[in-house]
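A quick write-up on the structure given underneath.
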Number of protein chains: 2
Amino acid sequence: MRPTVHDIAERAGVSLATVDRVLNDRPGVRGVTRAKVEGAIAELGYVRDVAAANLAKSRVYPLAFILPEGDNPFMRGLEDEVRRAGVHSMVERTQLSVVTVPAFDGRALAREIDGAIERAVAGIAAVAVDAPEVLAAIGRAREAGIPFVTLVSDLANSGRDHFIGVDNIAAGRTAGSLMGRFLGERPGPVAVLAGSMRVRDHGERLEGFLAAMSAMPVSRAILPVLEGQDDPELSFGLIAKCLADVPDLAGIYSLGAGNRGLVKALAAAGAARNLCVIAHEVTDETRAALEGGLVDAVLNQDAGHEVRSAIRVLRAKADGLPVIAAQERIRLEIFIKDNLPSEPGADDTPGAAGN
Amino acid sequence: MRPTVHDIAERAGVSLATVDRVLNDRPGVRGVTRAKVEGAIAELGYVRDVAAANLAKSRVYPLAFILPEGDNPFMRGLEDEVRRAGVHSMVERTQLSVVTVPAFDGRALAREIDGAIERAVAGIAAVAVDAPEVLAAIGRAREAGIPFVTLVSDLANSGRDHFIGVDNIAAGRTAGSLMGRFLGERPGPVAVLAGSMRVRDHGERLEGFLAAMSAMPVSRAILPVLEGQDDPELSFGLIAKCLADVPDLAGIYSLGAGNRGLVKALAAAGAARNLCVIAHEVTDETRAALEGGLVDAVLNQDAGHEVRSAIRVLRAKADGLPVIAAQERIRLEIFIKDNLPSEPGADDTPGAAGN
DNA sequence: CTGTTAGCGCATTCAC
DNA sequence: GTGAATGCGCTAACAG
């Protein structure tokens, strides 16, 4: 049997309450007493039973997720994952709420952050927009002692506690590397479809992509970036025009969320245009395109992992516990037709302890 | 506040004990009473607090992991992950033990399985070897009511409760697909290095690989499979000879654990031989080879995920709970130089619930 | 068949 | 400063 607070109390010759004070380093313990208790803790190799502790606390942690609204499938997937996590969340004494705000709207995001602060949540996770209002709001959250994590798109200089998402520069490099290898000696320029260069993650992906492409043995022209605002119509138009204008186009890298328009344009062009296409995020559209051969590879960040990581990090911060960085790193997944997981399907489900 | 057993008891007009009996469907409850309780449970939308339940049970689950011994880096990594999980295991009231047996030795494995049965463990996870003794031993475990999962390599007809590992046919297909695309029009045959065709996973990978290669637009010769018994020396010799004998060799698929020998041979051959090389499992060697450009892609199954999944499944079976299949699916990861995670690094850490 | 009682390991009043 | 008592949500004897 592993040691409990009782064992410590006995061994140190004090009461439970005192042991508890030392464990949670609360005031009201003499130095000598504290030392005795700490000695006992060390000798017995005590580790707190988190489950029991939480049970006793019966504290509940309301966490707020703020996501961009609209039909961006990845974001909707993230939202689904939050709700899914919500089902199991009571087990972990967390209470998840999701609010959506207009995409790319710094002011709206800031407003929601303030709203969450108002509601005295125990933590906030948000997809950051690069705007001064957001920086200020995050600052207010921090002043209020509310842990804040950025999700998917970071805002490093905001003082957020943690960023949960992939290394987007590496993601771009990976895309460039795969594109280069898949194309081989085949000639022709490559097009890049982005949402908006005003979002960090898109900019970083582009940066990595360009670096990897230029490091390839075969040098290749990269056409000016097409900004589709992650809008299906707009993206469709841009890609369709590009396909028409550039007959020898060899490949397309879609680094944003404009995949519905992209796929539509590709389908319209037909199989005659044998392009190498790489996109981001596994969604219904990209999955179908991958299976249908319209897209060659999809880079993905697992929304489920991200949500659960956000919850863990937020709870850890709320409890003043350390975050195991290695454990919270979100991997960049590569999918091709052959390793695509069959269903939407969830993933690990640590709750208390974890996969 | 979410409903508790007390609420159910009150609502159904019965005592806690009766509620508990219904919840854990134990005998000794009249049909009518049971119905009343179940009604209350449904109306209240009750969900059991697993943490509290485990606390009350204070039952401990000794789980046995049986792994092949030797210097197979992947297996040693698996072992590390079990030990790592062991640290957090007390939290989950599981007690992990690892024993190693000679690789490919069915009799030894069977003996250890019997040993675990003897020790009355609550569950067994083992890397299956395809031998009649093993089948029989698994049968005895099942008769003893001990849950059994196969790890990494399956034995579907054994009656094991669950298989935890990747779809190896899909893995082979993925390798073939990548190999085909990376090589493009480039001529030359491809070699395959396996451990032994007597192991299921190796056989399945080969099958998938051949299928994918033959589906490629460019048809390409596949040399007879080299069986290196996952032994560094032997593998080195086979690959070195192959490199010498086949001057126009275009690629190598290493589907087993003979990567140390493979890499050594590749290094010896020098950069002059510009081959496309695809291997399995991220280990120190394959990681270095990937970074050094000797290997182009590495397919991986996350040992940490597998171990945690095994623990979850075994515990669920031990408690007679259902297993959420989708959640326990192990993904096949693709790594190239650009998306290789920086460090060994763990992963999710569900304990109770999950990443 | 059903109810009472006593913990599991910990946190938290409220006295001393 | 320190200790005793109570309860979190659930399970498990042991009585009826």
Side-chain angles (χ1 to χ4, degrees), chain A residues 1-38 40-41 44-61 89-94 318-321 351-353, chain B residues 1-38 40-41 44-61 90-94 318-321 351-352:
Chain A
M1 244 17 205
R2 66 191 248 232
T4 74
V5 282
H6 290 89
D7 301 319
I8 300 176
E10 191 177 354
R11 176 132 186 166
V14 299
S15 77
L16 282 310
T18 302
V19 173
D20 187 71
R21 290 186 185 100
V22 174
L23 278 175
N24 300 294
D25 56 27
R26 269 188 282 266
V29 184
R30 246 190 324 173
V32 218
T33 320
R34 179 175 297 274
K36 265 196 306 188
V37 176
E38 280 168 347
I41 291 174
L44 294 172
Y46 170 85
V47 282
R48 170 211 253 94
D49 182 331
V50 195
N54 284 337
L55 177 59
K57 281 204 271 252
S58 73
R59 173 181 169 190
V60 67
Y61 299 77
S89 72
M90 358 199 219
V91 179
E92 346 227 325
R93 326 203 90 71
T94 57
D319 281 337
L321 299 175
Chain B
M1 243 16 205
R2 68 191 247 232
T4 74
V5 281
H6 290 89
D7 302 320
I8 300 176
E10 191 177 354
R11 176 129 185 173
V14 297
S15 77
L16 293 236
T18 301
V19 174
D20 187 69
R21 289 187 186 100
V22 174
L23 279 174
N24 300 293
D25 55 28
R26 269 188 284 264
V29 184
R30 238 188 334 170
V32 220
T33 320
R34 179 176 296 274
K36 264 196 308 191
V37 176
E38 279 167 347
I41 291 175
L44 263 35
Y46 170 83
V47 282
R48 162 210 260 102
D49 182 330
V50 197
N54 284 336
L55 177 59
K57 279 204 271 249
S58 73
R59 175 183 170 190
V60 68
Y61 299 77
M90 357 197 220
V91 178
E92 344 228 324
R93 326 203 90 71
T94 57
D319 281 337
L321 300 174

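Only this structure's heavy atoms are used, side chains among them; waters, hydrogens and symmetry mates stay out. Numbered from 1 within each chain, the chains take letters A, B, ... in sequence-line order.
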Note to self: Looking at A/Asn24 and A/Asp20, would you say the former's side chain and the latter's main chain have a donor-acceptor pair under 3.5 Å?
What the structure shows: yes
Item checked: A/Arg59 side chain near A/Asp319 side chain, heavy-atom distance below 4.5 Å -> yes
Margin query: Expected output is a numbered-order residue list: members of residues 18-31 of chain B with a heavy atom under 4.0 Å from any atom of DNA chain C. What is it?
Written below: B/Thr18, B/Arg21, B/Gly28, B/Val29, B/Arg30
Notebook entry, point to check: Rounded to the nearest Å, what distance is computed from the CD1 atom of residue B/Ile41 to the P atom of nucleotide D/dC10?
Noted result: 10 Å
Only pairs under 3.5 Å count here: list side-chain donor-acceptor contacts from residues 4-13 of chain A, not counting sequence neighbours, and write none if there are none.
from    : atom 1 : to      : atom 2 : distance (Å)
A/Thr4  : OG1    : A/His6  : N      : 3.1
A/Asp7  : OD2    : A/Thr4  : N      : 2.7
A/Arg11 : NE     : A/Glu43 : OE1    : 2.9
A/Arg11 : NH2    : A/Glu43 : OE1    : 2.3

Check: Given side chains that start at C-beta, do those of A/Asp49 and A/Arg2 come closer than 4.5 Å, heavy atoms only?
Finding: yes
Notebook entry, point to check: How long is the span from the CZ atom in B/Arg21 to the CZ atom in B/Arg26, to the nearest 0.5 Å?
Noted result: 8.0 Å
Check: Does a side-chain heavy-atom distance below 4.5 Å link B/Arg34 with B/Asp25?
Finding: yes
Notebook entry, point to check: Which is the 5'-most and which the 3'-most nucleotide of DNA chain C that has an atom under 4.0 Å from a heavy atom of chain B?
Noted result: C/dC1 to C/dG9
Note to self: List the residues meeting side chain to side chain contact (heavy atoms under 4.5 Å, CB included) with A/Ser15, not counting sequence neighbours, and say none if there are none.
What the structure shows: A/Ala17, A/Thr18
Next item on the list: Rounded to the nearest angstrom, tell me the gap between atom NZ in A/Lys36 and atom C1' in D/dT2.
Entry: 11 Å
Notebook entry, point to check: Should A/Val22 and A/Thr33 count as side-chain neighbours, where that means a heavy-atom distance under 4.5 Å?
Noted result: no
Check: Bend angle of the helix from C/dC1-D/dG16 to C/dC16-D/dG1 from five-pair axes at both ends, rounded to 10°?
Finding: 40°
Contacts under 3.5 Å, N or O only, protein and nucleotides 7-9 of chain D:
from  : atom 1 : to      : atom 2 : distance (Å)
D/dC8 : O2     : A/Leu55 : O      : 3.3
D/dC8 : O2     : A/Ala56 : N      : 3.0
D/dG9 : N2     : B/Ala52 : O      : 3.3

